[in-house]
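This report concerns only the one structure given below.
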Amino acid sequence: MNKVLIIYTGGTIGMDCNAKTGALEPLRFDRLSNKMPELGQIPTAIEVYQFAPPIDSSDMSPLQWSQLVRVISDNYDEYDGFVVLHGTDTMAFTASALSFMLENLTKPVVLTGSQVPIGQLRTDGKENLITSIEIASAKHADGSPMVPEVCIYFSGRLLRGNRSTKVNADGFNAFDSFNYPHLADAGINIVYHEEYIRKPDYTKPMIPHFDLDPNVVIFTLFPGIQDNIVQHALDVPELRAIVMRSYGSGNAPQRPCLMNMLRDAASRGVNIVNISQCAEGTVEMGRYDTGYQLKNARVISGYDSTVESAVAKLMFLLGQYRDPEIVREKMEQNLRGEISL
């Protein structure tokens, strides 16, 4: 029988109503599992590791990402796959971070959760959890796993973790990957799209990484953005990298002052990664003059990266390398299937 480890961090899937305040608060997993007797019918051995106490995903941080990597690496040889129960608000950030921190991953790590607590009648949590366990334990005829990568399963869609983003705050179809096809679609059957699933080198060991540098900021360009405010952001002494959300295919205002500030920051070793504000498409800084000027200012193309993936990739690389030129070089490489080159 296959074995799957459920790592319960918290999130809506395991929440219940506080009798005094009426607010939702995390449950212990034993209370969650009592609301879901269907777990006993799954033909997979299931064990549980629980964060103590469970946390709301709004409180997720690099510290918890390292804790997740530690749990997975410590138990890596004992299980066929891992299911991480996680709140939806920061799930795409966590999935992206894990994809970089688990180098040469050869087993499934499936993140899932729900929009409605599992104890409520119309919950989407039961299907999400049951299907995630099935995916985490699914194997080819030769015994290799069907999906040996970090992914998100939600509402019938299996998505690459570092290509995913939360797109709906209210609906069950909370996640999508606009710039990469689904890895699988679940209906009556689970249909795996094997041509899109990563193929690891099974002769190499999985290498866990624990060090992250969170001295990263995201800023979004908009009409009327003030140079003095941008300057203040760039002058923060601890700042090591910026994810800049630009217009369209990677364009920015052609103000000399703005370009000079970006160029000066880059010369100090601050890596600036350009990603589009558009949900679909890629950055092409040579397409228009407004993008070409960014390229001349040593701004790095983020290609078709999501915000979540760009932030997680920078934190990971900054944690591994002190030399900003190495970080710059690695940011333009496809490390875990996070960008299309």
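Side-chain polar atoms of Gln231 and Asp227 form no donor-acceptor pair below 3.5 angstrom. Under 3.5 Å, the side chains of Tyr153 and Glu127 contain a donor-acceptor pair of N or O atoms. A side-chain donor from one of Ser61 and Gln64 sits under 3.5 Å from a side-chain acceptor of the other. Of the N and O atoms on the side chains of Ser246 and Asn274, at least one donor lies less than 3.5 Å from an acceptor on the other residue. Side chains of His86 and Thr94: a donor-acceptor N/O pair is present below 3.5 angstrom, by distance only.
Judged purely by atom type and a 3.5 angstrom limit, Asn128 uses its side chain to pair as donor or acceptor with the backbone of Gly113. Judged by distance alone, the side chain of Thr90 and the main-chain N or O of Ser58 form no donor-acceptor pair under 3.5 Å. For the pair Tyr79 (side chain) and Glu47 (backbone), a donor-acceptor distance under 3.5 Å is absent. In terms of modelled atom types and a separation under 3.5 Å, the side chain of Asp124 and the main chain of Val116 share a donor-acceptor contact. Using a distance-only test at 3.5 Å, with no hydrogens or angles considered, no donor-acceptor pair links the side chain of Glu149 to the main chain of Thr106. Remark: the backbone N or O of Arg328 is not paired with any side-chain donor or acceptor of Lys330 at under 3.5 angstrom. Although no hydrogens or angles enter the test, the distance criterion places a donor-acceptor pair under 3.5 Å between the side chain of Ser96 and the main chain of Ala92.
Clustering ILVMFWY residues whenever any of their side-chain heavy atoms sit less than 4.5 angstrom apart, transitively, puts Tyr192 in the very cluster that holds Leu183.
Within 6.0 Å of atom NZ in Lys166, more than 12 heavy atoms from other residues, nucleotides or ligands are found, so the atom counts as buried in its surroundings. The number of heavy-atom neighbours closer than 6.0 Å to NZ of Lys204, taken from other residues, nucleotides and ligands shown, is 12 or below. Around OH of Tyr292, the count of heavy atoms belonging to other residues, nucleotides or ligands within 6.0 Å does not exceed 12.
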Side chain to side chain contact (heavy atoms under 4.5 Å, CB included) evaluation trace for Gln320 with Asp211:
CA-CA 7 Å; Gln320 310 308 307; Asp211 295 328; 4.2 Å; yes
Determine whether Arg263 and Arg298 satisfy the following criterion, side chain to side chain contact (heavy atoms under 4.5 Å, CB included), listing intermediate values before the conclusion.
CA-CA 6 Å; Arg263 187 179 295 106; Arg298 299 204 76 223; 5.6 Å; no
What verdict does the side chain to side chain contact (heavy atoms under 4.5 Å, CB included) test give for Met244 and Val299, after you've listed the backbone C-alpha separation in whole Å, the side-chain angles of each residue and the deciding distance to 0.1 Å?
CA-CA 9 Å; Met244 183 177 70; Val299 172; 4.2 Å; yes
Full working for side chain to side chain contact (heavy atoms under 4.5 Å, CB included) between Thr306 and Ile275
CA-CA 8 Å; Thr306 64; Ile275 65 170; over 6 Å; no
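By the 4.5 Å heavy-atom criterion applied to side chains, Thr282 and Tyr303 are counted as neighbours. A 4.5 Å side-chain heavy-atom check between Val110 and Val84 finds every atom pair outside the cut-off. Inter-residue side-chain proximity for Ile135 and Val147 is flagged as met; some heavy-atom pair is nearer than 4.5 Å.
When the ring-ring contact (aromatic ring centres under 6.0 Å, His included) test is applied to Phe316, the partners found at least two apart in sequence or on another chain are His209.
In summary, Asp185 and Arg157 do not engage in a salt bridge, as defined by a charged side-chain N under 4.0 Å from a carboxylate O. At a threshold of 4.0 Å, the pair Lys139-Asp80 counts as salt-bridged, since one of the basic side-chain nitrogens sits closer than that to a carboxylate oxygen.
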Which atom pairs, one a donor and one an acceptor, fall under 3.5 Å between side chains of residues 333-341 and the rest of the protein, sequence neighbours left out?
| from | atom 1 | to | atom 2 | distance (Å) |
| --- | --- | --- | --- | --- |
| Asn334 | OD1 | Gly337 | N | 2.9 |
| Asn334 | OD1 | Glu338 | N | 3.1 |
| Asn334 | ND2 | Ile339 | O | 3.4 |
| Arg336 | NE | Ser99 | O | 2.9 |
| Arg336 | NH2 | Phe100 | O | 2.8 |
| Glu338 | OE1 | Leu335 | N | 3.2 |
| Glu338 | OE1 | Arg336 | N | 2.5 |
| Glu338 | OE2 | Lys313 | NZ | 2.6 |
| Glu338 | OE2 | Leu335 | N | 2.9 |
| Ser340 | OG | Arg163 | NH2 | 3.0 |
| Ser340 | OG | Asp304 | OD2 | 2.9 |

Would you mind writing out the side-chain donor-acceptor pairs for residues 170-178 within the sub-3.5 Å range, not counting sequence neighbours?
| from | atom 1 | to | atom 2 | distance (Å) |
| --- | --- | --- | --- | --- |
| Asp176 | OD1 | His182 | NE2 | 3.2 |
| Ser177 | OG | Tyr180 | O | 2.8 |

